[in-house]
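Just below is one structure, and these are the notes that go with it.
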Amino acid sequence: MSENVIDLQESNGIARLTVNRPKALNALNDEVITALGKALDSLEANARLRAVLLTGAGEKAFIAGADITRMREQTPREAQAFARRALETIKRLERLPVPVVALVNGFCLGGGCELALACDWAVASDNAVFGQPEVQLGIIPGFGGTQRLPRRVGPAMALDLITTGRKIDAAEALRIGLVNRVMPQAALDDYADELAGQLAGNGPQAVGAAKRAVYDGMEQDVDSALALETNLFALCFAGDEQAEGMAAFVEKRPAIF
Ligand code: CO8
């Protein structure tokens with residue numbers, strides 16, 4: 001197994017995960033999913049972690065999908081095992097208690113788009129291209145796209161993208177709410193650092209609770225989800241962060257979490 005199909009760097013609580021197969025436009029295969037799982041072992045054990053940036057190596061692609069040359073040979077059972085393993089790993093990324101930002105620096109197709117959908121934030125370069133082209137290959141999204149895409153952009157637009165397989169540019173991705181921000185490719189890294197710094201400066205317990213309220217809440221009926229929010233809101237008052245955040249406001253100084 002190639003050791004560096006995922007590159008993980010961390011500085012001041014901000015981790016940067018880079019899928020590193022630029023010759024194959026960072027296509028996802030078993031090795032990448034395994035390496036992503038190992039990187040997640042390290043991130044989950046990191047008490048200093050405040051934010052994660054996920055991107056693809058090179059200037060051309062974020063991730064151009066699952067590796068078609070591998071999938072081509074798969075039996076139904078192998079495809080099911082691959083999809084299950086990838087889904088479990090992607091869910092771990094989504095469930096990290098810190099914000100995860102997809103830095104979409106080019107092609108973001110198929111499984112790549114599905115990985116970006118599991119991130120809390122998506123920031124795209126203006127040359128990014130998005131799509132779920134699976135039906136053009138005779139398959140459907142298998143890394144969560146049929147579920148996360150409609151939750152992100154609504155069922156009508158999700159079905160538009162999934163049943164045509166058409167590609168959209170960054171401007172359209174922004175308009176439909178698939179991404180949060182678009183900027184020139186040369187500005188992407190600076191913006192990512194600024195955003196990660198901003199996210200990392202907020203109360204980490206509060207940010208983690210906010211993620212739980214949103215994701216767990218979306219899986220429940222509204223009354224149960226609102227009760228969950230109330231419980232998590234109340235829990236914020238049991239820790240140190242609320243005291244520091246509110247003291248800082250009253251004392252007219254930045255909060256230090
Ligand atoms: N898988 C494997 N290799 C790829 C992939 C991919 N998804 N995408 C690009 N590559 C490779 C190309 O084969 C090429 O390799 P080589 O130089 O050896 O020929 C290299 O990357 C560069 O690509 P291109 O020469 O094609 O570059 P272009 O600029 O001409 O085109 C595109 C770029 C438009 C991105 C084009 O490469 C493309 O269409 N790629 C495929 C995109 C796609 O269909 N993605 C969806 C895949 S299906 C999927 O993701 C399903 C997820 C769920 C799986 C469930 C588990 C079973």
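When a ligand or atom number is given, it counts from 1 through the structure's own listing order. Residues take their numbers from the sequence shown, with the count starting at 1.
- For the pair Ala64 and ligand 1, the shortest N or O to N or O distance falls below 3.5 Å.
- Close approach of ligand 1 to Phe82 (heavy-atom distance below 4.0 Å) involves ligand atoms 56 (C), 57 (C).
- Judged by distance alone, the side chain of Glu244 and the main-chain N or O of Ile256 form a donor-acceptor pair under 3.5 Å.
- At a distance under 4.0 Å, a protein heavy atom can be found next to atom 51 (C) of ligand 1.
- The Gly110 neighbourhood of ligand 1 comprises atoms 46 (C), 50 (O), with distances under 4.0 Å to a heavy atom of that residue.
- There is no protein heavy atom less than 4.0 angstrom from atom 19 (O) of ligand 1.
- Protein heavy atoms all stay at least 4.0 Å away from atom 31 (O) of ligand 1.
- Ligand 1 has no nitrogen or oxygen under 3.5 angstrom from a nitrogen or oxygen of Ile140.
- Listed by number with element, the atoms of ligand 1 under 4.0 angstrom from any heavy atom of Asp67 are 1 (N), 2 (C).
- Side-chain contact between Asn20 and Ile6 is absent, with no heavy atoms from C-beta onward closer than 4.5 Å.
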Any chance you could lay out the side chain to side chain donor-acceptor pair (under 3.5 Å) test for Arg16 and Ser11, step after step, and finish with the verdict?
CA-CA 9 Å; Arg16 193 181 177 100; Ser11 161; over 6 Å; no

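- Electrostatic pairing of Arg175 and Asp169 does not count as a salt bridge here, judged by no charged N lying under 4.0 Å from a carboxylate O.
- A donor-acceptor pair under 3.5 Å links the side-chain atoms of Asn180 to the main chain of Ala122, judged by distance alone.
- Thr18 contributes no side-chain N or O that, together with a main-chain N or O of Thr55, makes up a donor-acceptor pair within less than 3.5 Å.
- The backbone and the side chain of Ala66 each have at least one atom closer than 4.0 Å to an atom of ligand 1 (non-hydrogen atoms only).
- A donor-acceptor pair under 3.5 Å is formed between the side chain of Arg152 and the backbone N or O of Leu178.
- Note: Phe62 and Phe130 fail the aromatic proximity criterion, with ring centroids not under 6.0 Å apart.
- Under the side chain to side chain donor-acceptor pair (under 3.5 Å) test applied with Arg21, the options Asn26, Asn4, Asp67 reduce to a single match, Asp67.
- Residue contacts with ligand 1 leave out Gln132, since none of its heavy atoms falls under 4.0 Å from the ligand.
- Ion pair Glu219/Arg151 not flagged as a salt bridge, since none of the NZ, NE, NH1 or NH2 atoms sits closer than 4.0 Å to an Asp/Glu carboxylate oxygen.
- Remark: ligand 1 and Ala79 share no N or O pair separated by less than 3.5 Å (distance only, no angle test).
- Closer than 4.0 Å to atom 25 (O) of ligand 1 lies none of the heavy atoms of the protein.
- Shown in contact with Gly111 at under 4.0 Å from a heavy atom are these atoms of ligand 1, numbered in order with element: 49 (C), 50 (O), 52 (C).
- With respect to atom 36 (C) of ligand 1, the closest heavy atom belonging to the protein is Leu25 CD1, 4.7 Å.
- In terms of protein heavy-atom proximity, atom 53 (C) of ligand 1 is closest to Gly142 N, 3.3 Å.
- Gln132 places no side-chain N or O within donor-acceptor distance of the main-chain N or O of Ile162, the cut-off being under 3.5 Å.
- For atom 46 (C) of ligand 1, a protein heavy-atom neighbour is found at a distance under 4.0 Å.
- Put simply, atom 7 (N) of ligand 1 has protein non-hydrogen atoms near it, under 4.0 Å away.
- Using a 4.5 Å heavy-atom cutoff, the side chains of Arg148 and Glu94 are in contact.
- Every atom of ligand 1 is numbered from 1 in the order shown, and the set under 4.0 Å from a heavy atom of Leu137 is 44 (O), 47 (C), 48 (S).
- Counting protein heavy atoms only, atom 38 (C) of ligand 1 is closest to Leu109 CD1, 4.7 Å.
- The protein heavy atom nearest to atom 15 (O) of ligand 1 is Lys23 O, 4.1 Å.
- Within a 6.0 Å sphere centred on OH of Tyr215, other residues, nucleotides and ligands contribute more than 12 heavy atoms.
- Within the listing of ligand 1, atoms 57 (C) sit less than 4.0 angstrom from a heavy atom of Gln74.
- Of the polar atoms of Lys60, at least one N or O is found under 3.5 Å from an N or O of ligand 1, judged by distance alone.
- With respect to atom 41 (C) of ligand 1, the closest heavy atom belonging to the protein is Ile68 CD1, 3.8 Å.
- A side-chain donor-acceptor contact under 3.5 Å links Lys211 to the backbone of Val98.
- Judged purely by distance below 3.5 Å, without hydrogens or angles, the side chains of Asn46 and Glu10 pair a donor atom with an acceptor atom.
- Taking 4.0 Å as the cut-off between side-chain N and carboxylate O, Glu172 and Arg166 count as a salt-bridged pair.
- Listed by atom number, the atoms of ligand 1 under 4.0 Å from Glu114 heavy atoms are 52 (C), 53 (C).
- Using a 4.0 Å cut-off between a side-chain N of Lys or Arg and a carboxylate O of Asp or Glu, Arg212 and Glu229 do not qualify as a salt bridge.
- Nearest protein heavy-atom neighbour of atom 4 (C) of ligand 1: Ala24 O, 3.8 Å.
- With hydrogens left out, the protein atom closest to atom 44 (O) of ligand 1 is Pro133 CG, 3.5 Å, a heavy atom.
- Assignment of Gln80 to the shell around ligand 1 is not supported, since no heavy atom sits closer than 4.0 Å.
- Residue Gln136 places every heavy atom at 4.0 Å or more from ligand 1.
- At least one protein heavy atom sits closer than 4.0 Å to atom 28 (P) of ligand 1.
- Looking only at heavy atoms of the protein, atom 54 (C) of ligand 1 is closest to Phe143 CE2, 3.6 Å.
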